There are 2 protein chains.
Amino acid sequence: MGVEEKKAGLRDKEATKCRILDAAEEEFARGGLMGARTDAIACKTGTTKSMIFYHFRDKEGLYQAVLERAVARRMRVVQSIDLHAPEPEDSLRALVAALLDDVGSHLNLTAIFMYEAIQNKGKYYSEISLASVYVPLIDLLKRGISDGKFREMDPLHAAVNIVGMCVFYYCSHENIKHLWSPGTELLSKEMREQHKREAIEQIIAGVKKFS
Amino acid sequence: MGVEEKKAGLRDKEATKCRILDAAEEEFARGGLMGARTDAIACKTGTTKSMIFYHFRDKEGLYQAVLERAVARRMRVVQSIDLHAPEPEDSLRALVAALLDDVGSHLNLTAIFMYEAIQNKGKYYSEISLASVYVPLIDLLKRGISDGKFREMDPLHAAVNIVGMCVFYYCSHENIKHLWSPGTELLSKEMREQHKREAIEQIIAGVKKFS
DNA sequence: GTCTATACGAGGATAGAC
DNA sequence: GTCTATCCTCGTATAGAC
């Protein structure tokens, strides 16, 4: 194998797999497992369909690989947050902010997670990977409740509702944009920042105890 | 045409269309426009594929018809609520409760709306139909803010976030069920009621002004 | 208004050369 | 490890009989 080829990634196994995964991520984000077309993926990679089946066995295998990489990424974001600040509110703000940033800057993954939920009913990821995102949030809410800083509430429902608030704007941005004045780009830096501020305040207000 | 045939709905145009729409609703809820298969729809109706194309021209036409019916239904729910109660909080509680009941008891429509957002980017419904659901909520929030009963906030973002909270639980129920103790059925009457209570309290707390 | 048969293209997957 | 050619099923859509 020539060095030039390796540099260009043309005959480098890992580089090729990565390129396929990137292209697949885009395509699965468009239509989910069912809607994605393998030729579309192949087309975007610059390689051929055969490479997909060679490296990932079949469409399902590719999907699983995409999903695993996506979950790992999201997991890293959640686990990078310090959840033991003295005030649970501060940790919650940090966690939600990080989640919103990640959701907003990786729209493909956000769409894929939503598809996985409604289309495949979570079949393709383990309970562990889902829990790794929710459990820190749930634990944080529990701590706030027992500290008397948060309302009495069911932390599971609250956590799910919080995640829902974080992702819904981004899942439906093309859909709801007409609510704003014409031409408003919901994914612009300014709008994303505004959404973050609004969502955080709404989430905090929703769980905080005002006594 | 014999009366018996008409009674059984076998040669009744409207009855047949309705049966197709019902079956299509189920199928589109499974995989969206892209993922739905016309044979699956035909199979569920008891009629044949040809009937679908006869009555609705093509798959897209059928999808549009399903969506229109769905939007009309949701619109009726929203418009049935009295949004001018003296206390905006009371109207908001009523609106959210009605929305949650409708979302939870028509899961197919809920999934279809989500698909329409992420898969088709709202292409298949008019701006008007979307607005008809959001605008009453937005107006209600505006009233609450100007009355000094709700926090200072952007009513558009808040409305989107509220809808997100209402639908996310139901969109991802199969996905998140492992967060609860094994065997918990998130769609049971009890869990739906609990989710409604929790969501309403979280939503109200999220917008209310505690001065 | 409904059914059967079928055209035809799309899409997932494989074989085998290089 | 990569490419070309190909197979074959599935799925949309139509034609035409009843």
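Note on naming: letters A, B, ... go to the chains in the order of the sequence lines (proteins, then strands), and numbering restarts at 1 for each one. Just so it is clear, the structure is predicted and the values come from calculations on it, not from any experiment.
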Kindly write out the residues that satisfy side-chain contact (heavy atoms from CB on, under 4.5 Å) with [X], not counting sequence neighbours, or none if the list is empty.
| X | value |
| --- | --- |
| B:S105 | none |
| A:R30 | A:E27, B:M34 |
| A:A94 | A:I81 |

Find the distance [X]:[atom1] to [N]:[atom2] and express it as a whole number of Å.
| X | N | atom1 | atom2 | value |
| --- | --- | --- | --- | --- |
| B:L33 | D:dG11 | CG | P | 15 Å |
| B:K17 | C:dT2 | NZ | C1' | 16 Å |
| A:I20 | C:dG12 | CD1 | P | 14 Å |
| B:K13 | C:dT2 | NZ | P | 10 Å |

Specify the closest pair of heavy atoms between A:P88 and A:R143, including all atoms of both residues, with the distance to one decimal.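 Closest approach of A:P88 to A:R143, heavy atoms only: CA-NH2, 3.8 Å.
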Heavy atom of residues 35-54 of chain A under 4.0 Å from DNA chain D: which residues?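 When residues 35-54 of chain A is checked for heavy atoms under 4.0 Å from DNA chain D, the hits, listed by number, are A:T47, A:T48, A:S50, A:M51, A:Y54.
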Heavy atoms within less than 4.0 Å of DNA chain C: which residues of residues 55-68 of chain A have one? Give them sorted by number.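 Within residues 55-68 of chain A, the residues near DNA chain C are A:D58, A:K59.
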Donor-acceptor pairs under 3.5 Å, side chain of residues 72-80 of chain B to any protein atom, not counting sequence neighbours: which ones?
| unit_1 | atom_1 | unit_2 | atom_2 | d |
| --- | --- | --- | --- | --- |
| B:R74 | NE | B:D102 | OD2 | 2.7 |
| B:R74 | NH2 | B:D102 | OD2 | 3.3 |
| B:S80 | OG | B:V77 | O | 2.7 |

Distance-only check: which donor-acceptor pairs under 3.5 Å involve side-chain atoms of residues 163-174 of chain A, not counting sequence neighbours?
| unit_1 | atom_1 | unit_2 | atom_2 | d |
| --- | --- | --- | --- | --- |
| A:Y169 | OH | A:L186 | O | 2.9 |
| A:S172 | OG | A:F168 | O | 2.6 |
| A:H173 | ND1 | A:Y170 | O | 2.9 |
| A:E174 | OE1 | A:K177 | NZ | 2.7 |

Output every pair passing salt bridge (charged side-chain N to carboxylate O under 4.0 Å, His left out) with a member in residues 46-59 of chain A, not counting sequence neighbours, ordered by first then second residue.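 Applying salt bridge (charged side-chain N to carboxylate O under 4.0 Å, His left out) to every pair that reaches into residues 46-59 of chain A, excluding sequence neighbours, yields nothing.
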Would you mind listing every ring-ring contact (aromatic ring centres under 6.0 Å, His included) that reaches into residues 22-51 of chain B, with sequence neighbours excluded?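 Applying ring-ring contact (aromatic ring centres under 6.0 Å, His included) to every pair that reaches into residues 22-51 of chain B, excluding sequence neighbours, yields B:F28-B:Y63.
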